[in-house]
Structure formats: structure tokens, C-alpha cells
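All values reported here derive from a predicted model rather than from experimental measurement. Lettering follows sequence order; numbering is per chain, from 1.
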Amino acid sequence: MSEHSTSRAVYFLTFGALLVLTAATVIVANFDLGWANDVVAMAIAVTKALLVLWFFMHLRYSTRVTVLTAVAGFFWLAILIFLTLNDYATRETLFPFTGK
Amino acid sequence: MSTRSIEPAVAHGAGHGHPALQHHFDTLEQQKEASTLGMWLFLVTEIMFFGGLFLTYVVYRSAWPKEFMAASSTLDWKLGAFNTAVLILSSLTMALSIWAAQVNRRKQVVFYLIVTMILGLVFLGVKAVEYADKFEHHHVPGPEFVWSEGSHAEPLEGAHSEAPPLQDEFAKHVQVFFSLYFIMTGLHAVHMICGIGVLAFLLVPSWKGRYNSAYHNPLECTGLYWHFVDIVWIFLFPLLYLLGAHAT
């Protein structure tokens, strides 16, 4: 039970997928999609991160408490970013100190 | 996902008497789960550590999007993409070294660790070339900073005549991008250096065959750290290098 030696094929496939996604994000970056630029770039980056977490970092074999710890880390990061932007995005003038 | 018990395993007696089993654990499996959880708790603090910088990036970029785009387009995305591929490959070799331990292939453990370290050094070498280029072009924030690239600047609404020249104002904001660039990639590079150092410590025990199918916690935890640093770069690459790609 303690051994979950993943077959090497899974690692090579993960590696291949990460390379393809890297190429995709580079190609997409050459087109101006307006507001979607960041959405697409971040969607690809999050997909890559999930692949690394799930396969390379063995989260799929980890105990629930370990998965919960990992999720909690990113959840708190989301709180940090979301609540801070709540402030900045709702100010009357975004950056008064710039003299705008 | 099946559940993994962390209760003292009765059926799983493989760990008892194993030299790597510390006295306060019942089984090797329990010991491994404890170290993995502990490593993840550390990684959570790392998420928040880098998270603060990513947040800073988001706030300042939303304030000065044109400046950030102009600054980003001076970075060489080809070098960034190359380094991304190098890091992804190093994550593969890191995972393969753990795989080699799991199937008791001692020499392959050492081989993959060395390849991982070399790839880490290649990454840092490319980074050094990029940093040198930034110094050469006076793109390092500070008194020596010079911004002579195109500015895409438009007159600010309600700008008064006594306001400082637009170019200066633009260059000041461009410097914020480069400050973030150096802090974020610099902190990431420090993590790479630490990772290579830890990998070096694993070489001798690996060569002696200490890591095998029964016990390889140090490899596993170092792998978690190495892959995490990879993930940080996966986000840094598009945010820093590709932001201005379509503007050039």
C-alpha cells in the first residue's frame, strides 16, 4: 500500500502536455485578444500547475489531509487577492497619489 | 481516490525494524505521510510568500497597464520559453529519480538527480545572461535607469502644465515593472539555488542506496519543493515575458 510507483509513461505524458501548453501560451500571446489575453494566459498556467500538482507532486496518491492542506494554501491565496482587489477596484480614483 | 489510513498499520509490517524508521512512528508509511504533510505546510507558507508579490503585480499592473506592457516587451520571450522548457524537463527528471528509488534502481536515482541539478544550473545560467542584458541596457531600477524605448504614452486627462514631463512619469512606472521583475525572478532564482543545494545533499545517500522502495522521504519532499518552484515559474513566465508579446 505504501508504494504507488507511477509508471514512467504517466510522467512522460505529463511532461509532453506541459510542453504543448507552454507552446500554446506563447502562440496565443502573439495575438491581441483584448480582455481575454489574461484570461487565456492564466487558464493555461492554472492547467499546467494542476498537472504538476496532480501528477508530479503525487497529490493523486496523497492522503486527504495533505490534499486539504494544498487546497487551503491556494484558497487563502485567493482570499488575499480577491479581498485586496475588492478594495482597489472599488475606490473612486484608483491611485490618487499618482496625481491622476 | 482511495483513503489512506494513518493509524498504526497492523497488516503492513514491512517497516518494522527498518533503519530509517524513527522511534516515534509506528510504520514507515505513517512516517512518510507525516513528512509529506509537514512539507506541504511549508509549501503553503511559500504560496503566501510568492502570493504577496503576485498580488503586488496585479495591483500595479491594473494601475499602469501600458507601462507594464512596454516594459514587458523588452524581455526576451524566447529565453523565457526556453527556461520554461528546461524547468519542466527538470521536474520530469526529479519525478523519475523518485520513480527509480521506488523500483530500487540506485544508479538511476543518482543519474536523474544529477540531470535535475544540471538543468537547474542551465536555468540559472540563462537567467544570469538576461540579468546582464538588463544591466547593459540600464533597465535596472535605480539612479542608472534609462528608458529610451517607445512609450505608447498618451496625454493624461487633465494633465496640468506643471506636471512632470510625461516621459519621466512613464519611465517611473516602467521602473515598477522592472522592480517586480527583479524581485520575483530573483526570489525564484534563490529558491532554485536552495533546491540545487538540497539535491546535492541527496547525492551521497542516493549513491549508497539509502533510498529505495521502502524509504525515500527525503527524495519525495525535495521533489515537492522542486515542483513547487516550477509552478511559480509557470505563472511568472506569461505574466512577465508574454504580456507585451503582441505589442512588438
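Of the charged side-chain nitrogens involved, none lies within less than 4.0 Å of a carboxylate oxygen, so that A:Lys48 and B:Asp230 do not count as a salt-bridged pair. Taking the charged nitrogens against the carboxylate oxygens, B:Lys32 and B:Glu29 have no contact shorter than 4.0 Å, which rules out a salt bridge.
At least one donor-acceptor pair under 3.5 Å links the side chain of B:Ser90 to the backbone N or O of B:Leu87.
In this structure, A:Phe56 and B:His227 have parallel ring planes: the angle between them is below the 30° cut-off, well short of the 60° mark. Ring planes of B:Phe177 and B:Phe68: perpendicular class, angle over 60° (limits at 30 and 60°). Using the six-membered ring where Trp is involved, B:His188 and B:Phe50 have ring planes that are perpendicular, over 60° apart on the 30 and 60° scheme.
Per-residue heavy-atom pair counts under 4.5 Å with chain B were compared for A:Leu33, A:Leu19, A:Thr84, and the maximum is reached by A:Thr84. Taking B:Thr36, B:Leu92, B:Val44 one by one and counting their heavy-atom pairs under 4.5 Å with chain A, the maximum is reached by B:Leu92. Counting heavy-atom pairs under 4.5 Å between each of A:Val28, A:Leu85, A:Thr66, A:Leu21 and chain B puts A:Thr66 at the top. Contact tally against chain A (heavy-atom pairs below 4.5 Å) for B:Gly52, B:Ala81, B:Ser91: the top residue is B:Ser91. The candidate with the highest count of non-hydrogen atom pairs below 4.5 Å against chain A, out of B:Leu89, B:Leu43, B:Leu239, B:Thr84, is B:Leu89. With chain A as the partner, the residue from B:Ile88, B:Leu96, B:Ile98, B:Thr45 showing the most heavy-atom pairs under 4.5 Å is B:Ile88.
Residue B:Glu220 touches chain A through its side chain alone, counting heavy-atom pairs closer than 4.5 Å. Of the two parts of B:Tyr241, neither the backbone nor the side chain holds a non-hydrogen atom closer than 4.5 Å to a non-hydrogen atom of chain A. If you measure heavy-atom distances from A:Phe31 to chain B, the contacts under 4.5 Å come from the backbone alone. Proximity to chain A (any heavy atom under 4.5 Å) is shown, for B:Trp40, by both the backbone and the side chain. For a residue to count as touching a neighbouring chain, one of its non-hydrogen atoms must lie under 4.5 Å from one of that chain's; by this rule B:Ile231 touches chain A with the side chain only. Contact annotation for A:Asn37: only side-chain heavy atoms (C-beta onward) come within less than 4.5 Å of a heavy atom of chain B.
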- Query: Run the side chain to side chain contact (heavy atoms under 4.5 Å, CB included) check on A:Phe74 and A:Leu53 step by step: do they pass?
  - Reply: CA-CA 12 Å; A:Phe74 290 103; A:Leu53 286 163; 4.0 Å; yes
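The six-membered or imidazole ring of B:Tyr60 lies away from that of B:His173, with a centre-to-centre distance of 6.0 Å or more.
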